[in-house]
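Ligands are counted one by one from 1 in listed order, and the atoms in each one are counted from 1 as well.
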Amino acid sequence: MQGLMQDWPLLVTTVLDHARTNHPEQEVVSRTIEGPVHRYTYADLHGRAKRCAKALQKLGVREGDVIATLAWNTYRHMEVWYGVMGLGAVCHTINPRLFTDQIVYIANHAEDRYLFLDLSFVPIAEAIAERCPTIKGYVLMTDRAHMPQTKLKNVLCYEELLAAEDEHFEWVKVDENAAAGLCYTSGTTGNPKGVVYSHRSNVLHAMGVNTADIMGLRAKDSVMPIVPMFHANAWALVFSAPMAGAKLVMPGGKLDGESVHQLLEDEAVTCTAAVPTVWLGLLHYLETSGKRLSTLQRVVVGGAACPRVVMEKFEDNYGVLVLHGWGMTEMSPMGTASRLKPRGEKAPRAEQLQQKLKQGRTFYTVEMKIVDDAGKELPRDGKTFGNLLVRGPAVSKAYYKGEGGQILDRDGYFNTGDVATIDPDGFMQITDRAKDVIKSGGEWISSIEVENVAVGHPSVAEAAVIGLPHPKWDERPLLVVIKKPGCEVTKAELLAFLEGKIAKWWMPDDVVFVTEIPHTATGKIQKRDLRDRFKDHKLPTVS
Ligand code: AMP
C-alpha cells in the first residue's frame, strides 16, 4: 500500500519562499565589502534573488550550468546563491584562500560559466582569467559607483544587472535530486575534488542541523555565520536561518576580534559559528578591551578541534554556551555537536567539560561508526580508536566527474579519514586524521588533544604535534609552538604545563619554537609539511 501524501520536492527555493511568506519582515544585515552595514529583509532578499535568476537567464545560463562565486558572506552572495539554485543551475563557491593554480584547476574542472566576485577578489580573477576559458564573464558584486579599473574582459556590474529586471520569475522546478551546489575539498594529496550537493541533501541537512540539540535556531534568534559560504555551505546556516525565520547577520570580510564583537553587539546576535582561530581572536579582543558579550547565547566551534581555553573562557567568563561541532565538506558539512545529555547535565563541571570537548554526537540523518582496518565495527566504549565512517542523505556518494573512483564501502559508508572513539553516550572524539596519528609503542597518541592543552598556555599562540621516527617506540611526539607576540616560555615550562593534563606517555619528547606553522586553505595545519621540515630533527630521547 502506498502512502497518500503529496509529492512536495525538497527544493532549496522552498526555504526562501517560506521565509518570504512567513518572515517577510525579518532582517538580513551585512557588513558590505564597500564598508557600511547594509540591512533589508527576507522579502527583499527573495525579490532580489529572483531578479538575479532572471538576469542569469538573460545571460544564457540554463539548468545544470555551473556559476562560480568568489565572495564573503553578504546579502549579495545570498542572492546569487539562491538565484543560481532557483534557476536550476549550480552554485560553485570557490575558496579564495586556495593557491591560484588550484583555483584555475577547479574553475576548469567545474566548467564555470560566469564568476560572481567581491571587489576584494578582483586580483584573483585577473590572475586566473587567461587560463579559464569556460568563464564567459565576470560579475562584480557592487554598484556602478564602486566599479574598479580592471584588466578583466567581459566585466558586468551586479547592481546594473539586477536593476534591469523585475521580481516576476518562477523558480525552475528541477528534480529534488538535481545538483544545487558545488564545493571542492582541498585534499592534502592530489587535486581538489568536487563535492556536489543536491537540493534534497541541502534541505534535509539544514533540517537536521537545526534540530534542538544541534543549532536549534528559532525565529527570535539572531544568527551570524562567520564560517564562510565557501567553506561548505556556511555549516548550513544560509538554509537553516531562513527556514527558522531567524535574523541573519553576515559579517563580510572583516573577521578580526573587534569587527566581530561590534556586529555581535550591534545586531544582538544570539548564535554564531566559526573555526577556533576566529574565537581565539575574539577572546583576545575581549580580554584586552574589557568588553563584554551582552546577547550572545551559544557559539558553535568546528572545522578544527575546539581548544579547552576557548570553551572554558566562553562558558566561565562570558556565560556563553559552546557547542563543539565536527563535519566535513563531503557531509554538507555537519556531522556532530557536543550538546550534553541529561546524565552529562548532572555531572560535575570537570566531567562535563571533558565530554563537551569531544566532537559530539550525531543528529538524525547522520549514521556513524568506527571500524578497524579490516572493516569490523569497534565498540562504543570511549576508549577504542577506529576509522570513522558515516552515511546519510547529505553524505557524498561520489566526487564530481567520478574523481577518486568508488568512495563508499559495501554498506554505503564513506570513510572520513578521521580516527576516533565513540563513548557509550554516543559522543565521538577525533584523535587525528588517519595519516597524522602518532603510533608509539603500539598505542596511539592523539596529537589534537596535546595541541589543545598546549594552546591553553598563556604564552602559546599556536601549537602542532607531529610524530617523529623513534628506534624504540616507532614514533614519538614533537611539539611545535608559535609564541604569542611579546611572550616568553621555555621548553621546560611548557612540559611542566602539560604534565598531569595528558597521559604521561603522550608527553612530547621535545619542543621547538617556530615563527610560522603551515596551513591549508581551510585553516588546517599542514602536518605533512611539518613532518618534512623536521624529518632530520634529533629527539633528545634518541641516543
Ligand atoms: P573540511 O572538509 O575542510 O571541512 O575538513 C574536514 C576535516 O576537518 C575533518 O575530516 C576533520 O579532520 C577536521 N575537523 C573538522 N571539524 C573538526 C573538529 N571539531 N575537531 C577536529 N577536527 C575537525
- Give the C-alpha distance, both sets of side-chain angles, the deciding distance and a yes or no for ring pair (Phe, Tyr, Trp, His ring centres under 6.0 Å) between Y197 and H205. CA-CA 10 Å; Y197 307 109; H205 185 63; 8.4 Å; no
Ordered by chain then number, the protein residues lying under 4.0 Å from ligand 1 by heavy atom are H231, G303, A304, A305, H324, G325, W326, G327, M328, T329, Q359, D418, R433, T522, K524
Under 3.5 Å side-chain donor-acceptor pair for T69 and H77:
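Looking only at side-chain atoms, H77 and T69 do form a donor-acceptor pair, the distance falling under 3.5 Å.
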* For the pair E451 and K527, find out whether any cationic side-chain nitrogen is under 4.0 Å from an anionic carboxylate oxygen. =>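 A salt bridge links E451 with K527.
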Looking at R131 and D101, does any basic side-chain N land under 4.0 Å from a carboxylate oxygen?
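Yes, R131 and D101 are salt-bridged.
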**Prompt:** Counting heavy atoms not belonging to E315, are there more than 12 under 6.0 Å from its CD?
**Reply:**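 Enclosed: over 12 neighbouring heavy atoms sit under 6.0 Å from CD of E315.
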* Asked: salt bridge (Lys or Arg N to Asp or Glu O under 4.0 Å) with D423: which of R343, K341, R380, K358?
  ->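 The salt bridge (Lys or Arg N to Asp or Glu O under 4.0 Å) with D423 is passed solely by K358 among R343, K341, R380, K358.
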